[in-house]
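Proteins come first, then strands; the chains are lettered A, B, ... in the order of their sequence lines, and each starts at number 1.
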Amino acid sequence: MATRQYWLVKSEPGTFSFDDLLASPNKTTSWDGVRNYAARNFMREMNKGDRVLFYHSSADPTAIVRIAEVVREAYPDPTALDPAHPHYDPKSKRESPTWDPVDIRAVEKLARRETLADVKRTKGLEKMALVRLGRLSVQPVTAKEFEIVQRLGGG
DNA sequence: GCCAACGTTGGC
DNA sequence: GCCAACGTTGGC
């Protein structure tokens with residue numbers, strides 16, 4: 001079995017919030033619609049059971065709100081192949097799909113969310129990709145960083 | 001392959 | 001709403 005890895009995904013709560021994830025069947029959703037190669041590559045590296053920090057961007061406040069897990073590894077994004085879908089990508093072909101999301105499921109509530117401001121001032125978190133890379137919507141998190149967020153969140 | 005123009009993300 | 005950072009596109 002592969003070592004568990006840790007990740008962070010961003011979502012605008014106005015578009016898809018963690019509450020929306022909780023309300024989804026089996027508290028599971030496909031992380032489809034991602035159209036960024038770096039983000040896509042990270043999703044391809046994800047394994048079942050990996051833990052995922054769920055971050056609310058463009059929110060007040062912007063914060064890591066909950067923990068989720070990968071329940072299905074990368075598979076072809078059906079929204080990229082559907083001409084009627086807003087995320088349709090004519091360059092993605094059924095034989096060789098360009099985009100492959102994973103499925104994630106809500107697992108753990110953080111009693112306290114960790115705001116971006118908290119992250120920046122917390123020792124051990126200042127170097128998180130969240131701070132360094134800014135816009136990337138799917139990013140790696142180190143085991144240590146994950147542990148700190150989980151502990152601070154009281155989860 | 002270079003690079004300017006343009007588009008998007010996302011914090012503030 | 002502004003704008004920095006960065007990704008993508010397309011002319012050459």
Under 4.5 Å side-chain linkage, directly or through intermediates, the cluster mates of Tyr88(A):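 Members other than Tyr88(A) - counting any ILVMFWY side chain reachable under 4.5 Å - there are none.
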Of all nucleotides in DNA chain B that come within under 4.0 Å of a heavy atom of chain A, which is furthest toward the 5' end and which toward the 3' end?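 Taking any atom under 4.0 Å from a heavy atom of chain A, the span is dT8(B) to dC12(B).
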With Tyr37(A) via side chain to side chain donor-acceptor pair (under 3.5 Å) - residues at least two apart: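 Applying side chain to side chain donor-acceptor pair (under 3.5 Å) to Tyr37(A) gives none.
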Excluding sequence neighbours, so at least two apart, what forms side chain to side chain donor-acceptor pair (under 3.5 Å) with Ser24(A)?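 Listed in chain order: nothing, the list is empty.
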Tell me every residue that passes salt bridge (charged side-chain N to carboxylate O under 4.0 Å, His left out) with Arg51(A), counting only those two or more places apart in sequence or in another chain.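 Testing Arg51(A) for salt bridge (charged side-chain N to carboxylate O under 4.0 Å, His left out), a comparison that skips the adjacent residues, returns Glu69(A).
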Scan for salt bridge (charged side-chain N to carboxylate O under 4.0 Å, His left out) pairs involving residues 127-145 of chain A, sequence neighbours excluded, and state none if there are none.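 Non-adjacent pairs meeting salt bridge (charged side-chain N to carboxylate O under 4.0 Å, His left out): zero.
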What pairs meet the salt bridge (charged side-chain N to carboxylate O under 4.0 Å, His left out) rule with one or both residues in residues 114-125 of chain A, with sequence neighbours excluded?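 Every salt bridge (charged side-chain N to carboxylate O under 4.0 Å, His left out) pair that includes a residue of residues 114-125 of chain A, provided the two are not neighbours, is Asp118(A)-Arg121(A).
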Please name all residues satisfying ring pair (Phe, Tyr, Trp, His ring centres under 6.0 Å) with Phe54(A), sequence neighbours left out, ordered by chain then number.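 Expected list: Phe18(A), Trp31(A), His56(A).
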Residues within residues 115-130 of chain A bordering DNA chain B, heavy-atom distance below 4.0 Å: Leu116(A), Lys120(A)
